[in-house]
Peer 1: 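Structure provided below as structure tokens; questions to follow.
Just so you know, ligand 1 is whichever comes first in the structure, and atom 1 is the first atom listed for that ligand. This structure is a prediction, so every number in the text was calculated from the model and none was measured. Residues take their numbers from the sequence shown, with the count starting at 1.
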Amino acid sequence: MSASVIPTPQDDVTVEVAGVRIGARHPVRIIAGPCSVEGPEQFLETAIAVQRAGAVLLRGGAFKPRTSPYSFQGLGLEGLRIMRQVADRLGMGVITEAMSAEDVPLVATWADMIQIGARNMQNAALLRAAAAAGMPILLKRGITATVDEVLAAADAIRGWGNDRVVLCERGSRTFEPSTRNSLDIAAIPDMQLRGGLPVIVDPSHGTGRSDLVTPVALAGVAAGADGVMLEVHPNPATALSDGAQSLEAGRFGEFMRALDRVAAAIGRAA
Ligand code: PEP
Ligand code: MN
């Protein structure tokens, strides 16, 4: 008998983040929060809304890799403290980015998973420092990186002794101007199969448009993504970063209901 037309990753590799197991045969994990932490009220309000609707991990940016030096650069340590406080209050784990090797020990003190951003996927010093921190790492595919290149970066982290790597498809820069990036659906099962690692999808940076976030998230889940990480804000119009691609916190329940239907259809309901 021939194998299923739906490929399944051979290894049952999972990565645990603050008690949440991400990976093969586990439910699709939803990671949500604002692009940037802007203050305690904004982060708490967002966190309560996403937790109530079913998100299992929080995200937020304290050190922000902005394209323009004139844009909001993040609250730094204060942002880390706010995230930790809110996450503890709600009993959740939190993921945030470290932008340089020097920042890793600080970020590791306050967060449950270290994010390596798309602009830093090939920053060997950062990858090495993150590996050494011994914490789970979310490795985002570089803006112009091939699948082979992101898998090589993951191999580097594993080579430095840290196997707890989750990959993230967040879209690549292409010739298409109507979206911020072009999200590569095929890369999701490809990275799972060839990388032997859990893969999540980021429809926020993958599209740059809040009206496209839900359909693209559903496509990612249908393609087998182990989780979705997306940006949510109480009032996207006033967001200090990435408002155009942020879902309004009040509408997050709607997103979750759509996602649950697709997850159930492929036997991966939460
Ligand atoms: C982010 O997740 O906030 C972010 C900056 O993502 P990326 O590195 O994919 O642009
Ligand atoms: Mn963002």
Peer 1: How far is atom 9 (O) of ligand 1 from its nearest protein heavy atom, and which residue and atom name does that atom have?
Peer 2: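 Looking at atom 9 (O) of ligand 1, the protein heavy atom closest to it is Arg170 NE, 2.6 Å.
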Peer 1: If the Mn ion (ligand 2) is the vertex, what is the angle to NE2 of His205 and SG of Cys35, rounded to 10 degrees?
Peer 2: 170°
Peer 1: Could you tell me whether the side chain of Glu169 and the main chain of Asp184 form a donor-acceptor pair under 3.5 Å?
Peer 2: yes
Peer 1: Can you list the ligand 1 atoms lying under 4.0 Å from a non-hydrogen atom of Lys64?
Peer 2: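 Those of ligand 1 that fall under 4.0 Å from Lys64 are 3 (O).
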Peer 1: Does this structure show an ion pair linking Asp226 with Arg29, if we count only N-O contacts that are shorter than 4.0 Å?
Peer 2: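 Arg29 and Asp226: not salt-bridged.
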Peer 1: Under a 3.5 Å distance rule, please check whether Glu149 uses its side chain to pair with a backbone N or O of Thr146 as donor and acceptor.
Peer 2: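 The answer is yes, because a donor-acceptor pair under 3.5 Å joins these two groups.
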Peer 1: Decide, yes or no, whether a salt bridge links Glu78 with Arg81 under the criterion of side-chain N to carboxylate O below 4.0 Å.
Peer 2: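 Result for this pair is no, no salt bridge flagged.
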Peer 1: Within ligand 1, which atoms have a heavy atom of Glu231 less than 4.0 Å away?
Peer 2: 3 (O)
Peer 1: So which N/O/S atom does Glu231 have closest to the Mn ion (ligand 2)?
Peer 2: OE2
Peer 1: Considering only protein heavy atoms, which is closest to atom 1 (C) of ligand 1, and at what distance to one decimal place?
Peer 2: His205 CE1, 3.2 Å
Peer 1: Return the option from Pro34, Ala118, Gly142, Cys35 holding the heavy atom at the smallest distance from atom 8 (O) of ligand 1.
Peer 2: Ala118
Peer 1: Nearest 0.5 Å please: distance from the CZ atom of Phe63 over to the CG atom of Leu75.
Peer 2: 10.0 Å
Peer 1: So is Arg59 close enough to ligand 1, meaning a heavy atom under 4.0 angstrom away?
Peer 2: yes
Peer 1: What atoms of ligand 1 come within less than 4.0 Å of a heavy atom belonging to Gly117?
Peer 2: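 By the 4.0 Å cutoff, the relevant atoms are 8 (O).
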Peer 1: Could you check which N/O/S atom of Asp242 is closest to the Mn ion (ligand 2)?
Peer 2: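 When I compare the N, O and S atoms of Asp242, OD2 is nearest to the Mn ion (ligand 2).
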Peer 1: Between Arg84 and Val94, is there a donor-acceptor pair closer than 3.5 Å when you use the side chain of the first and the backbone of the second?
Peer 2: no
Peer 1: Of the side chain and backbone of Pro65, name the one, both, or neither that has a heavy atom under 4.0 Å from an atom of ligand 1.
Peer 2: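 Answer for Pro65: side chain.
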Peer 1: Shortest non-hydrogen contact from Val104 to Ala133?
Peer 2: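 In this case the closest contact between Val104 and Ala133 is CG1-CB, 3.8 Å.
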Peer 1: Starting from atom 6 (O) of ligand 1, locate the nearest protein heavy atom and write down its residue, its atom name and how far away it is, to 0.1 Å.
Peer 2: Lys140 NZ, 2.9 Å
Peer 1: Can a salt bridge be assigned to the pair Asp260 and Arg257 using a cut-off of 4.0 Å between side-chain N and carboxylate O?
Peer 2: no
